[in-house]
Amino acid sequence: MIKKKTGRKIIATVIRYFLLTLGAFLVASALELFLSPNGLIDGGVTGLSIMAEEHFGIPLSFVFAGLNIPILLFTAKTMGRTFFFRSLYAIIFTLLFLATLPFHHALTDSDVLIVLYGGIILGLGIGLVIRVGGAIDGVEMIAVWLQEKYQLSVGTTILVGNMFVIMLSAYVFSLESAMLSFVVFVVVTKVIDMVEVGFNQHKSLMIISQHSEEIANALIERMHLSVTMLEGKGGYSGEQQVVIYSIVNKFLYSKARDLIMEIDEDAIIEANTVSETNGLGKHELKDRFVKKFRKSA
């Protein structure tokens with residue numbers, strides 16, 4: 001048992017650091033192939049690095065390391081040891097890729113392709129690093145540190161910091177470049193959210209009905225869902241009420257809703273999007289196995 005757990009940890013660690021390496025590669029590729037050669041940025045430290053290279057002739061990798069690593073060291077105590085090492089790993093490998101990638105020229109000069117592909121690739125890279133518990137840009141690190149120290153909103157800090165960098169790019173490059181950079185920032189933000197949240201979203205269901213037993217059995221038998229029966233009490237009537245709680249894949253939500261309404265048209269259904277679920281698949285497989293075993297018995 002101990003060997004199995006150790007083996008799983010090793011595999012999980014290998015996968016985690018592979019994703020960090022892939023994220024670093026994608027970030028470096030987006031900077032070298034799309035953004036930097038065309039004078040576009042996405043904000044943050046990467047944006048400052050691109051502008052420093054353009055305005056002062058300082059290599060992008062120097063400024064990237066010179067800003068990110070001190071910020072990481074400054075925020076290390078607040079962020080934690082695991083975050084520190086994963087972020088440092090991602091930053092170092094981004095620097096290595098920036099220094100060793102064979103291409104240092106723009107892949108295209110089309111504004112649409114630069115914004116879309118540059119933003120998507122950069123967003124995928126940053127999103128993968130965030131997904132496995134790291135960060136690759138100092139602005140995110142400062143934002144979390146400010147939240148811990150002064151209860152400032154992470155989202156607001158990141159937005160303000162990136163907007164300042166993008167406005168600065170209007171001076172270094174041009175107003176048109178700053179406008180395109182803002183679109184890159186929006187694309188990057190959306191892709192990061194998509195990667196961080198994941199594609200396998202679920203919906204949590206809270207169902208109140210006078211036919212709770214029948215609905216619960218239908219969800220279990222016909223849709224193989226895990227169901228929890230919660231004891232409640234009506235606020236107005238004071239009567240005891242059973243509340244059904246379950247989680248369903250978002251693509252199967254409409255089927256579950258129709259099944260519930262088929263049994264009780266007056267059922268109250270509350271559905272909320274769930275970004276991440278752990279162990280749900282195991283419970284569903286276990287329930288299916290138990291049901292098949294009972295039938296065969």
Side-chain angles (χ1 to χ4, degrees), residues 1-36 42 44-46 49 59-103 117-145 148 154 158 188-201 275-282:
M1 192 61 148
I2 295 174
K3 287 183 178 180
K4 283 186 178 180
K5 287 185 178 179
T6 304
R8 287 175 185 172
K9 284 184 179 179
I10 292 173
I11 293 171
T13 301
V14 170
I15 293 172
R16 189 174 293 115
Y17 278 88
F18 168 76
L19 292 176
L20 286 171
T21 307
L22 178 60
F25 174 77
L26 291 173
V27 169
S29 299
L31 294 177
E32 290 288 357
L33 284 175
F34 295 97
L35 301 183
S36 181
D42 79 307
V45 169
T46 54
S49 303
L60 187 156
S61 56
F62 284 17
V63 182
F64 186 85
L67 291 176
N68 271 326
I69 292 178
I71 292 172
L72 180 59
L73 291 171
F74 175 73
T75 59
K77 187 176 181 180
T78 301
M79 308 298 280
R81 181 180 175 183
T82 301
F83 177 88
F84 172 80
F85 283 111
R86 291 175 186 174
S87 300
L88 183 62
Y89 179 92
I91 291 169
I92 290 173
F93 268 80
T94 301
L95 292 170
L96 288 174
F97 286 128
L98 286 172
T100 59
L101 285 175
F103 38 78
Y117 282 91
I120 289 171
I121 294 172
L122 185 61
L124 283 172
I126 297 173
L128 284 174
V129 174
I130 293 174
R131 176 89 180 182
V132 295
I136 210 164
D137 194 286
V139 170
E140 284 88 358
M141 302 173 201
I142 291 173
V144 176
W145 181 82
E148 292 291 326
V154 171
I158 292 173
V188 169
T189 303
K190 292 297 182 183
V191 174
I192 289 173
D193 289 342
M194 193 164 57
V195 173
E196 191 177 5
V197 169
F199 297 96
N200 193 30
Q201 290 186 352
S275 299
E276 185 173 345
T277 56
N278 291 315
L280 184 62
K282 293 180 182 178

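In this chain, numbering begins with 1 at the start of the sequence shown. What you see below is based on every heavy atom in this structure, not just the backbone, and it leaves out hydrogens, waters and symmetry mates.
Distance check: I10 CD1 to I15 CD1 gives 12.0 Å after rounding to the nearest 0.5 Å. Rounding to the nearest 0.5 Å places CG of L20 at 11.0 Å from CG of L88. Taking CD1 of I91 as the reference point, atom CG of L96 lies at 12.0 Å (rounded to 0.5 Å). To the nearest 0.5 Å, atoms CG (D42) and CG (L35) are separated by 6.5 Å. Taking CE from M79 and CD from E140, the interatomic distance works out to 9.0 Å, rounded to the nearest 0.5 Å. In this structure, the separation between OG1 on T94 and CG on L26 is 9.5 Å, given to the nearest 0.5 Å.
Closest heavy-atom contact between I158 and A143: CG1-CB, 3.6 Å. Contact between A90 and A24 at its shortest, heavy atoms only, is O-CB, 3.6 Å. Pairing each heavy atom of R16 with each of V132, the nearest pair is CG-CB, 3.6 Å. What you find for A30 and G118 is that their closest heavy atoms are CB-O, 3.8 Å.
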Step-by-step side chain to side chain contact (heavy atoms under 4.5 Å, CB included) determination, V27 to L122
CA-CA 5 Å; V27 169; L122 185 61; 3.8 Å; yes

Show, in sequence, the C-alpha distance, side-chain angles and deciding distance for F84 and T75, and conclude whether the side chain to side chain contact (heavy atoms under 4.5 Å, CB included) test is met.
CA-CA 9 Å; F84 172 80; T75 59; over 6 Å; no

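With hydrogens and angles disregarded, no donor-acceptor distance shorter than 3.5 Å links the side chain of S61 to the backbone of L95. The closest donor-acceptor contact from the side chain of S49 to the backbone of V45 lies under 3.5 Å.
Ring pair W145/F74 is tilted by interplanar angle, where 30° to 60° counts as tilted.
Residue Y17 places its OH atom among more than 12 non-hydrogen atoms of other residues, nucleotides or ligands, all under 6.0 Å distant.
Side-chain contact between F83 and L72 is present, with heavy atoms from C-beta onward closer than 4.5 Å.
When ring centroids are compared, F93 and Y89 come within the 6.0 Å threshold.
Screening I126, I130, L124 for a side-chain contact (heavy atoms from CB on, under 4.5 Å) involving V195 leaves a single residue, L124.
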